[in-house]
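One-based numbering along the sequence shown.
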Amino acid sequence: MKVSTSGIRVQRNFPSDAEAISHKWLVRAGYIVQHASGIYSFTPLFYRVYRKISRIVEAEIDREGGQQCQLSLIQPAERWEASGRWAVYKASGVMFQLEDRKGGRYGLCPTAEEMVTDMATSLINSPKQLPVNFYQQHTKFRDELRPRYGMVRCREFTMMDAYSFDIDEAGLDVAYKAMARAYHQIFQRCALDYVVVQADSGAIGGSSSEEFMAVCELGEDVLLIAGDYAANAERAVSQLEDLPAEAPKDLEIVATPGANTIAKLAAALDIPQARTLKTLIYQ
């Protein structure tokens, strides 16, 4: 490829509306072109990078038994109503929902559980065919309330989503561990500083969820890490301190001059801070 015919155009200055340093450089160096808020096109230069990452993902998921496929982006409302999620996504406003000329209702794919389950129903007719793991690297659409930080949070993006079908819970555990190994390899081959944290499953559902989080200064989440425990802010829980039981006492008014914080109040009364309550609002 000749640079003169590559179509690359380097800008002199950073875009004025970009916040993230990655967004600034991607635009200035000619990797992406923005058409609207949260909507970008990849230039030939960026597409080369995209394909290299895609090949890493493909190699590691294939190594763990994944079978690559491609699922429909336009998804019938009936499939989502059968799973009970059409109304959930409509209420959240995440899914782009539309009608065709005949009045048929459809959604642009924000995730693909309904489609892959429908495909598996057509392909799998015996337990002997299990386990199987279908995955894709394909476009997703989400009507983000505030698209920001360039490619970090946009309305159209590529997702690698894998779906395993197993006979029992034990098989599910095996499939999950295989995908976890693949994710570790992908992040390590991409030289990313990352941590695995407990997370909230959200609208996708499920009994538990883990996220592989790339650590950076400008991120979309807050992580709480203590020893072997790691979770994002939505999922994190704390352990209550066990206090010895005490016999109830009669109410009395106690003077606490200058004790305008919990710490000062606890010190003045010579009690643990956990036995104080500054303000309580019950609704």
Side-chain angles (χ1 to χ4, degrees), residues 14-25 37-38 85 87-94 110-111 142-155 157 176 180 183-184 187-188 190-283:
F14 288 128
S16 59
D17 60 340
E19 299 176 69
I21 189 65
S22 59
H23 185 195
K24 293 177 179 179
W25 277 113
S37 177
R85 299 203 303 170
V88 174
Y89 272 78
K90 184 175 183 179
S92 68
V94 172
T111 181
R142 293 181 183 175
D143 191 4
E144 293 289 351
L145 181 63
R146 287 181 58 238
R148 56 194 182 277
Y149 305 149
M151 304 301 295
V152 174
R153 184 171 291 277
C154 46
R155 296 182 177 185
F157 56 95
Y176 180 83
Y183 269 60
H184 280 291
F187 274 67
Q188 289 168 15
C190 292
L192 292 170
D193 179 17
Y194 71 99
V195 61
V196 183
V197 303
Q198 296 181 22
D200 183 27
S201 299
I204 291 178
S207 58
S208 63
S209 178
E210 286 186 327
E211 291 181 347
F212 284 65
M213 308 287 281
V215 180
C216 64
E217 294 182 4
L218 180 62
E220 282 285 278
D221 211 341
V222 175
L223 308 182
L224 294 99
I225 303 172
D228 295 333
Y229 179 80
N232 65 13
E234 290 180 312
R235 181 67 177 80
V237 295
S238 59
Q239 183 176 353
L240 296 178
E241 180 182 356
D242 293 329
L243 298 175
E246 293 183 2
K249 300 178 181 179
D250 293 333
L251 294 177
E252 60 177 315
I253 297 177
V254 179
T256 55
N260 56 357
T261 67
I262 289 293
K264 292 180 180 179
L265 177 64
L269 299 178
D270 192 23
I271 60 173
Q273 294 187 35
R275 288 200 177 279
T276 65
L277 187 66
K278 190 171 184 180
T279 303
L280 174 64
I281 300 176
Y282 179 79
Q283 182 174 355

Q) Considering residues at least two apart in sequence or located in another chain, which fulfil the salt bridge (charged side-chain N to carboxylate O under 4.0 Å, His left out) criterion with R148? A) E220

Q | Note, E210 side chain near V197 side chain (heavy atom, < 4.5 Å) | A | no

Q.
Holding to side chain to side chain contact (heavy atoms under 4.5 Å, CB included), I want the full list of residues that pass it with A263, two or more places apart in sequence or in another chain.
A. T261, Q273

Q.
Looking at every non-hydrogen atom in both residues, tell me the closest pair between T276 and P272 and how far apart they are.
A. CG2-O, 3.9 Å

**Q.** Residues which pass side chain to side chain contact (heavy atoms under 4.5 Å, CB included) with Y194, listed by chain and number, not counting sequence neighbours
**A.** H184, F187, Q188, V196, F212

Q.
Which residues pass the side chain to side chain contact (heavy atoms under 4.5 Å, CB included) test with L269, not counting sequence neighbours?
A. V254, T256, L265, I271

Q) Which distance, rounded to the nearest 0.5 Å, do you find between the CG of L145 and the CZ of R155? A) 9.0 Å

**Q.** Separation between CE of M213 and CG of L192, rounded to the nearest 0.5 Å
**A.** 12.5 Å

Q. Do the non-hydrogen side-chain atoms of L223 and V195 ever get within less than 4.5 Å of each other?
A. yes

Q: For R146 and R153, work out which heavy atoms get closest and say how close.
A: O-CD, 3.9 Å

Q: Drop me the distance from C216's SG to I21's CD1, to the nearest 0.5 angstrom.
A: 12.5 Å

Q. Any side-chain heavy-atom pair from R85 and T111 closer than 4.5 angstrom?
A. yes

(Q) Could you work out, with side chain to side chain contact (heavy atoms under 4.5 Å, CB included) as the rule, every residue matching A20, not counting sequence neighbours? (A) S22, H23, Y149, L218

Q: Sequence neighbours left out, what passes salt bridge (charged side-chain N to carboxylate O under 4.0 Å, His left out) with E19? Give chain and number order.
A: none

Q.
Using every non-hydrogen atom in the two residues, find where G38 and C154 come nearest and quote the distance to one decimal.
A. O-CB, 3.2 Å

**Q.** Test log, rule side chain to side chain contact (heavy atoms under 4.5 Å, CB included), inputs V94 and D143
**A.** CA-CA 5 Å; V94 172; D143 191 4; 5.9 Å; no

